[in-house]
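Heads up, the thing below is written out as structure tokens.
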Amino acid sequence: MKKGILSLITILLVSILSAQDYNYQFRLSLKDKGKTSYTTDKPQDFLSEKAIERRKKHNIAINRTDLPISDDYLRTIEETGGKVIAKSKWLNTVTVHCTDSTMVNLFSALPFVYDTQFVWRGKPDSIHNNKTDTVAIYPIKENIDLDNYYGKAFDNIRLNNGQALHNAGFKGDGIDIAVIDAGFNNLPKIEMLDNIHIKGQKGFVYQKEDLFGSSANAHGLMVLSCIAANKPNQLVGTAPEANFWILSSEDTRSEFPVEEDYWVAAVEYADSIGVDVINTSLGYAEFDKPAQSYTKAELNGRSNFITRGANAAANKGLLIVCSAGNSGDSPWRSITSPADAPNILTVGAIQQDSIISPFSSRGLTADGRIKPDVVALGSLSAVVNNKGLVSQNYGTSFSSPIMCGMAACLWQAFPTLTNKEIINVIRQSANRYDFPDADYGYGIPDMGKAMEIAQKVLEKKALSKDKNK
């Protein structure tokens, strides 16, 4: 009997110690923002001049959702024992890191917190910021093809007639694009990408802020290359003259809802610095245990945290282009969030013969809307890998940035159109616009046709304005 009791005690102790080995993260939903010195009358205190200009150009009001969360609230949370690792002024949340799961009870008791949600559990980790130098150790090895301006990226752009935009002089100049992704391993060392116009970079993943070092994932690097590469006759992306912000929100060490918190924080940052267009080749549905995964019923464009963040961003005037997901040939099959958001451009993948890629995630949304919106090349897409070599890869992760670059060029051509109007123009230019389905959405956009449609939209808006005078 004593032996049995001792065994039970040992098991309980091991269980307790095991639990103590974990750290935790929780999302705190707030009742309000609290007292703040910021006001909507002085947006320059919390938004850049470029962000304010974008709002003015498209008649988007700066309101209380744009005000930062009270510093007093953040200070109280940290004094309670939580490390603030992310926050959303749009969704009124603060995400905290702590070493004991029972601390959630203390957070719940704070008078300004109305709900708490578990978003991460993991082993304590040391900070990995393996800095990289700027010496180009991955030289260009691609041959020059004098007969092909796009080099190996020609198929990336030809399926959507994106060259029509470039031939008209629109290559993304003046458009700021944020690429929100996992990591950009070796980017400063790669000669094939050494002339990209990068305005800045920032990491949002707790204890993984390095974007370029040896611990960084290379997914974002390949995604970026589809848009930004600018080596004529070797590899040219779909918006080679745009400006880029490099942002990291994906934690490749695990799959937990906290990555949605990082993503929303990154999008809010992109908005605050005046970014115009965002590409995100990320999506969430199934999480590591003990987190609760999403259901297909929740893909309704309004339920999931990241989707709500995407909706808020779209309402602030940001043009978001998102990958549909790679679950088309898996049991899940469907798109992932935030691809279900109504006012973002969700992109599926096709092969070089214009047939849907088997892996491309399918629609419809839970509330019956068309998703994906459109498709672009996602099988054998030309990308630059982390060794500086041009290779071919598969995924809606690449069809999304390919389309994103063309959307940016179209907006350069028609800057007075809103983000939502640009998305509608692209949909209307697609070859299945009159008979969309759950596989292709509205189909394959034609950028030459998109310019014609956009011009008609402008003329219609001008006529309507004259009639109202």
Are any side-chain N or O atoms of [X] and backbone N or O atoms of [Y], one a donor and one an acceptor, separated by less than 3.5 Å?
{"X": "S399", "Y": "G348", "value": "yes"}
{"X": "W263", "Y": "E250", "value": "no"}
{"X": "S323", "Y": "S397", "value": "no"}
{"X": "S48", "Y": "S272", "value": "yes"}
{"X": "N311", "Y": "G301", "value": "yes"}
{"X": "E286", "Y": "S293", "value": "no"}
{"X": "N300", "Y": "S303", "value": "yes"}
{"X": "S248", "Y": "G203", "value": "no"}
{"X": "S361", "Y": "G325", "value": "yes"}
{"X": "E142", "Y": "Q234", "value": "no"}

With side-chain contact (heavy atoms from CB on, under 4.5 Å) as the test, would you mind laying out the steps for N419 and W411 before giving the verdict? CA-CA 8 Å; N419 57 331; W411 213 0; 3.8 Å; yes
Between K202 and F204, is NZ or CZ placed under 6.0 angstrom from the six-membered ring centre and within 45° of the ring axis? yes
Can a cation-pi geometry be assigned to R158 and Y150, taking NZ or CZ under 6.0 Å from the six-membered ring centre and within 45° of the ring axis?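 No, cation not above the ring by the 6.0 Å, 45° rule.
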From [X] atom [atom1] to [Y] atom [atom2], the distance as rounded to the nearest 0.5 Å:
{"X": "T65", "Y": "L67", "atom1": "OG1", "atom2": "CG", "answer": "8.0 Å"}
{"X": "T418", "Y": "N424", "atom1": "OG1", "atom2": "CG", "answer": "8.0 Å"}
{"X": "T307", "Y": "I344", "atom1": "OG1", "atom2": "CD1", "answer": "7.5 Å"}
{"X": "Y73", "Y": "K33", "atom1": "OH", "atom2": "NZ", "answer": "11.0 Å"}
{"X": "I273", "Y": "W245", "atom1": "CD1", "atom2": "CH2", "answer": "4.0 Å"}
{"X": "K420", "Y": "I422", "atom1": "NZ", "atom2": "CD1", "answer": "14.0 Å"}

Under 4.0 Å between a Lys/Arg side-chain N and an Asp/Glu carboxylate O for [X] and [Y]?
{"X": "D145", "Y": "K152", "value": "no"}
{"X": "K371", "Y": "D373", "value": "yes"}
{"X": "R432", "Y": "D437", "value": "yes"}

Full working for side-chain contact (heavy atoms from CB on, under 4.5 Å) between K461 and E421: CA-CA 11 Å; K461 288 177 72 173; E421 287 171 333; 3.1 Å; yes
Please report, to 0.1 Å, the donor-acceptor pairs under 3.5 Å made by any side chain of residues 374-389, with sequence neighbours excluded.
residue: S379; atom: OG; partner: S357; partner atom: OG; Å: 2.7
residue: S381; atom: OG; partner: L377; partner atom: O; Å: 3.0
residue: N385; atom: OD1; partner: K387; partner atom: N; Å: 2.9
residue: N385; atom: OD1; partner: G388; partner atom: N; Å: 3.3
residue: N385; atom: OD1; partner: L389; partner atom: N; Å: 3.0
residue: N386; atom: ND2; partner: N185; partner atom: OD1; Å: 2.7

Are more than 12 heavy atoms, taken from residues, nucleotides or ligands other than [X], located less than 6.0 Å from that residue's [atom1] atom?
{"X": "K42", "atom1": "NZ", "value": "no"}
{"X": "E49", "atom1": "CD", "value": "no"}
{"X": "K56", "atom1": "NZ", "value": "no"}

Applying side chain to side chain donor-acceptor pair (under 3.5 Å), can you list everything that pairs with K199, at least two apart in sequence or on another chain? D176
Side chain to side chain donor-acceptor pair (under 3.5 Å) involving N230 - partner list, sequence neighbours excluded: none
Tell me, with the steps shown, if V425 and L410 meet side-chain contact (heavy atoms from CB on, under 4.5 Å). CA-CA 9 Å; V425 164; L410 183 64; 4.0 Å; yes
Just do the side-chain hydrogen bond (donor to acceptor under 3.5 Å, both in side chains) check on T396 and N326 with the steps written out, would you? CA-CA 6 Å; T396 59; N326 301 325; 3.0 Å; yes
Indicate yes or no: at least one non-hydrogen side-chain atom of [X] is less than 4.5 angstrom from one of [Y].
{"X": "N431", "Y": "D446", "answer": "no"}
{"X": "C409", "Y": "T238", "answer": "no"}
{"X": "N160", "Y": "I444", "answer": "yes"}
{"X": "M447", "Y": "M403", "answer": "yes"}
{"X": "N304", "Y": "L299", "answer": "yes"}

Under a 3.5 Å threshold, yes or no: a donor from one side chain and an acceptor from the other, between K208 and T252? yes
Decide yes or no on side-chain hydrogen bond (donor to acceptor under 3.5 Å, both in side chains) for S391 and N393, but give the supporting numbers first. CA-CA 7 Å; S391 61; N393 217 317; 5.1 Å; no
Tell me, please, which residues at least two apart from [X] pass salt bridge (Lys or Arg N to Asp or Glu O under 4.0 Å).
{"X": "K231", "result": "D194"}
{"X": "D66", "result": "R55, K316"}
{"X": "D340", "result": "none"}

Between G309 and V264, what is the shortest heavy-atom contact and its length?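 Looking at all heavy atoms of both residues, the closest pair is CA-CG2, 4.1 Å.
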Does the ring centre of F287 sit less than 6.0 Å away from the ring centre of F256?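 They do not qualify: ring centres at least 6.0 Å apart.
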Quick check, are the ring centers of H166 and Y149 under 6.0 angstrom apart?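 That pair fails the under 6.0 Å test.
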side-chain hydrogen bond (donor to acceptor under 3.5 Å, both in side chains) evaluation trace for T95 with Q25: CA-CA 7 Å; T95 313; Q25 290 164 7; over 6 Å; no
Kindly assign one of parallel, tilted or perpendicular to the pair H97 and W120, based on the angle between their ring planes and the thresholds 30° and 60°. tilted
